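Report on one structure; see the data block that follows.
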Amino acid sequence: MHFSASKIIVNKRAAEQQCLSILQTCTTLLNLNQIHAQILKLGLQNNPLVLTKFTSTSSDLNAIDYAASILFSPDAKTHLYDTFLYNTVIRAYAQTHQSKITAVDIYKTMVWNYVTPNKFTYPFVLKACAGVGRLRLGESVHGKVVKFGFDEDTHVLNTMVHMYCSCGEVDNARVVFDEMPKSDSVSWSAMIGGYARMGRSTSAVELFREMQIARVKPDEITMVSVLSACSDLGALELGKWVENYIEREKIPKSIELSNALIDMFTKCGDMDKALRLFKTLDHKTIVSWTSVIVGMAMHGRGLEAASLFEKMNLSGVPPDDVTFIGLLSACSHSGLVNEGQKYFDSMTSNFHIKPKIEHYGCMVDLFSRAGLVKEALEFVTKMPLDPNPIIWRTLTAACRLHGQLNLGETITKKLIEYEPLDQSNYVLLSNIYGKMSDWEKKKKIRDVMGEKGIKKIPGSTMIELDNKMYEFVSGDRTHDLDKEIHEMIDEMGWKMKIAGYVATTSEVLLDINEEDKEDALNRHSEKLAIAFALLKTPPGTRIRIVKNLRVCSDCHSATKFVSKIYNREIIVRDRNRFHHFRDGICSCKDFW
């Protein structure tokens, strides 16, 4: 009897080893089916070791659903499975693109069957929660992490920080981060990346500085996030420092990091530096090409963008829909109507890319900027897609700029019916009435906004000086140098008037006299930032500012005068593009 039992154990182990061996060499789904039949024949369908290997092999063959259908069939004895097997299934689903939520379902089955999770379970469960953006689910898993005593495990807490950031709760992530008993570079990178993705760029930069003080060495992933924050802020000097830091610390410069550097220089206003970096790349990906093409669009260098696009084609890198958005925008910002039409047509004829609403929007913008309002309207009526509010607003702005005021009024009224709480529609209509000199209707718009509690988004402008970011908000009087700044604005004002400047008061929403309207324009955020820069920098120093909204026509005109009067090059990045002001002329040639 003892001999028979030993023989059975030996035979079972031999069968087990046989299955593990053939699974090791399995490379096709057909092989997997045959091995499954062998597992059933040998009676190993409930053997955790064999099933774990079977699951990992299925995952490698992108057939995790096949393995799961066997593991969790109605007659499966899931209570016999061990933690390692459950972890393997959870990990496989957490790493898929479409079925991350299944990882959480498997975890629930695991707990329901009283199989105890370990510290390797939760990183994948939390990764799955992050992937589907389920905050409440993530919070529930957080509770289980505490319950099972893994709330001091660095790897678990790192993925928890990532989960909260991915679900948009960066403040919750920061609480977890701050309370970690021990953090590593991954912890810092997850938190910095979370801030950067949520647009909390100042916080990302501040945390990166804390990371340096803590003497934690960042990796390339951290640096990509920091560069993204620099791009958002327009912090060129900080971006240059980061580039030097990467070189000094010998951080591996992957293609992703190189692309992030190119993107940073592009969005911080140094397009020539971005191009030099681009040219040094041995391997240029579609992201590399698209970054410089989009950059050229932002800087109004349409012909150069078109030239880069042609070189991209010759290099064998096919464009995608994002590339064409950049290319069409470049044509739009440079008035290249014929070229834009040619490239739009080539999307389907040469590259078999179906235009999206963004591409149609670029074409409407192309016609509108060129003053071809009739052609823009005809294009909209022939579109195979329903125009979105952005396209209608583009048309309205063109109508106002090129004197088609009645048409602009009609379109904007329809926009307000469609989006009754969008402040930009009311501002557009108010500006049209200002152009018509219909002050009564303009006042009515202001009254309606007040009744509905709709407020115009305040303009804000960022400027980087001496490694510090300063933000100015329109009408703000809280700055330490407020008195000096407004004295400088007064000086700018009378010098500009002597030079021929006339304020564009028609865009002021308030029902006030002309002098007060001029005063309101003088409190615009970009004027405050420029006055601050004139106070704080030596004569002749280049001024760089970043605005959250499109630059208004009055500030655009005023900045041209300031650049000439004070002999300053002023680079302005607004919501749409860059404006390079020099000697009274803007690079956009007033085509913005």
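One is the number of the first residue; the rest follow in order along the sequence. Since the model is a prediction, treat every value here as computed from it, not as a measurement.
Taking CD1 from I485 and NZ from K483, the interatomic distance works out to 12.0 Å, rounded to the nearest 0.5 Å. Here CZ of F581 is found 6.5 Å from SG of C588. Values are rounded to the nearest 0.5 Å. Rounding to the nearest 0.5 angstrom, the gap separating the CE atom in M347 from the NZ atom in K342 is 14.5 Å. In this structure, the separation between CD on E484 and NZ on K536 is 9.5 Å, given to the nearest 0.5 Å. Summarising the geometry, atom CG belonging to L366 is positioned 7.0 Å from atom CD belonging to Q341; distances are rounded to the nearest 0.5 Å. Distance check, rounded to the nearest 0.5 Å: OG1 of T559 to CD1 of I545 gives 6.0 Å.
Between the side chains of S231 and S228, no donor-acceptor pair is found at a separation under 3.5 Å. Looking at D482 and H486, their side chains do bring a donor and an acceptor atom within 3.5 Å of each other. Side-chain atoms of Y418 and N388 include no donor-acceptor pair closer than 3.5 Å. Using modelled atom types and a 3.5 Å distance limit, the side chains of Y433 and K444 yield no donor-acceptor pair.
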> How far apart are the C-alpha atoms of F309 and W289, what are their side-chain angles, what is the distance that settles it, and do they pass the ring-ring contact (aromatic ring centres under 6.0 Å, His included) test?
Replying inline: CA-CA 8 Å; F309 179 76; W289 286 99; 9.5 Å; no

>> Set out, in order, the CA-CA distance, both residues' side-chain angles and the distance that settles side chain to side chain contact (heavy atoms under 4.5 Å, CB included) for L238 and M264, then state yes or no.
In response: CA-CA 10 Å; L238 177 60; M264 181 275 294; over 6 Å; no

>> Go through it in stages, so that I can follow the logic: the residues are M436 and E409, the test is side chain to side chain contact (heavy atoms under 4.5 Å, CB included), and I'd like the CA-CA distance, side-chain angles, deciding distance and then a yes or no.
In response: CA-CA 10 Å; M436 289 177 167; E409 180 185 17; 3.8 Å; yes

>> Could you walk me through whether N425 and T396 satisfy the side chain to side chain contact (heavy atoms under 4.5 Å, CB included) test, starting with their C-alpha distance in whole Å, then the side-chain angles of each, then the deciding distance to 0.1 Å, before giving a yes or no?
In response: CA-CA 9 Å; N425 297 328; T396 303; over 6 Å; no

> Would L236 and F265 satisfy side chain to side chain contact (heavy atoms under 4.5 Å, CB included), going step by step from the backbone distance to the final call?
Replying inline: CA-CA 7 Å; L236 180 62; F265 280 112; 3.8 Å; yes

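Stacking of K495 on the aromatic ring of F561 is not recorded, the 6.0 Å distance cut-off and the 45° axial limit not both being met.
The nearest pair of heavy atoms linking V242 to C230 is CG2-SG, 4.4 Å. Among all heavy-atom pairs drawn from F344 and P355, the shortest one is CE1-CB, 3.9 Å. What you find for K456 and M449 is that their closest heavy atoms are N-CE, 4.0 Å. When all heavy atoms are compared, the tightest approach of A529 to T461 is CB-CG2, 3.7 Å. The minimum heavy-atom distance linking A196 with S225 is given by the pair CB-O, 3.7 Å. Across all their heavy atoms, P319 and M312 have their closest contact at CA-CE, 3.6 Å.
Other residues, nucleotides and ligands contribute over 12 non-hydrogen atoms within 6.0 Å of the CG atom of D447. Remark: I390 CD1 is loosely packed, at most 12 non-hydrogen atoms of other residues, nucleotides or ligands lying under 6.0 Å away. For I357, the CD1 atom is densely surrounded, since the number of other residues' heavy atoms within 6.0 Å is greater than 12. Around CZ of R134, the count of heavy atoms belonging to other residues, nucleotides or ligands within 6.0 Å does not exceed 12. Within 6.0 Å of CD on E440 lie no more than 12 heavy atoms contributed by other residues, nucleotides or ligands.
Using a 4.0 Å cut-off between charged side-chain N and carboxylate O, K413 and E417 make no salt bridge. A salt bridge is absent between D270 and R276; no separation between the charged side-chain nitrogens and carboxylate oxygens falls under 4.0 Å. A salt bridge is defined here as a Lys NZ or Arg NE, NH1 or NH2 lying under 4.0 Å from an Asp or Glu carboxylate O, and K442 with D438 fails to meet this definition.
Although no hydrogens or angles enter the test, the distance criterion places a donor-acceptor pair under 3.5 Å between the side chain of E464 and the main chain of E237. Checked by atom type and distance alone, the side chain of S346 pairs as donor or acceptor with a backbone atom of Y343 at under 3.5 Å. Side-chain atoms of H299 come within 3.5 Å of backbone N or O of T266 as a donor-acceptor pair. With R568 contributing its side chain and T541 its backbone, the two residues share a donor-acceptor pair below 3.5 Å. Distance alone, capped at 3.5 Å, is enough to place a donor-acceptor pair between the Y426 side chain and the P420 backbone. Remark: side-chain polar atoms of S307 are not paired, donor with acceptor, to backbone N or O of L303 under 3.5 angstrom. Checked by atom type and distance alone, the side chain of N548 pairs as donor or acceptor with a backbone atom of P458 at under 3.5 Å. No donor-acceptor pair closer than 3.5 Å links the side chain of R197 to the backbone N or O of C165. Between the side chain of T285 and the backbone N or O of V287, at least one donor-acceptor pair lies under 3.5 Å. For S563 (side chain) and G584 (main-chain N/O), a donor-acceptor pair under 3.5 Å exists by modelled atom type.
Here the side chains of L275 and M296 are in contact, with some heavy-atom distance below 4.5 Å. You'll find the side chain of V373 reaches within 4.5 Å of the side chain of C399, heavy atoms only. Within the 4.5 Å cutoff, the side chain of F532 has heavy atoms near those of the H479 side chain. Two residues are said to be in side-chain contact when any heavy atoms from C-beta on lie closer than 4.5 Å; S315 and K284 fail this criterion. Residues T323 and D320 are in side-chain contact: their nearest non-hydrogen atoms beyond the backbone lie under 4.5 Å apart. Within the 4.5 Å cutoff, the side chain of V562 has no heavy atoms near those of the I543 side chain. Residues E375 and F379 have side chains not in contact (no heavy-atom distance under 4.5 Å, counting atoms from C-beta outward). No side-chain heavy atom of L415 sits less than 4.5 Å from a side-chain heavy atom of L429.
Between V380 and the options I411, L395, D386, a side-chain contact (heavy atoms from CB on, under 4.5 Å) holds for only L395.
Taking the six-membered ring for Trp and thresholds of 30 and 60 degrees, F324 and H359 have ring planes more than 60 degrees apart, a perpendicular arrangement.
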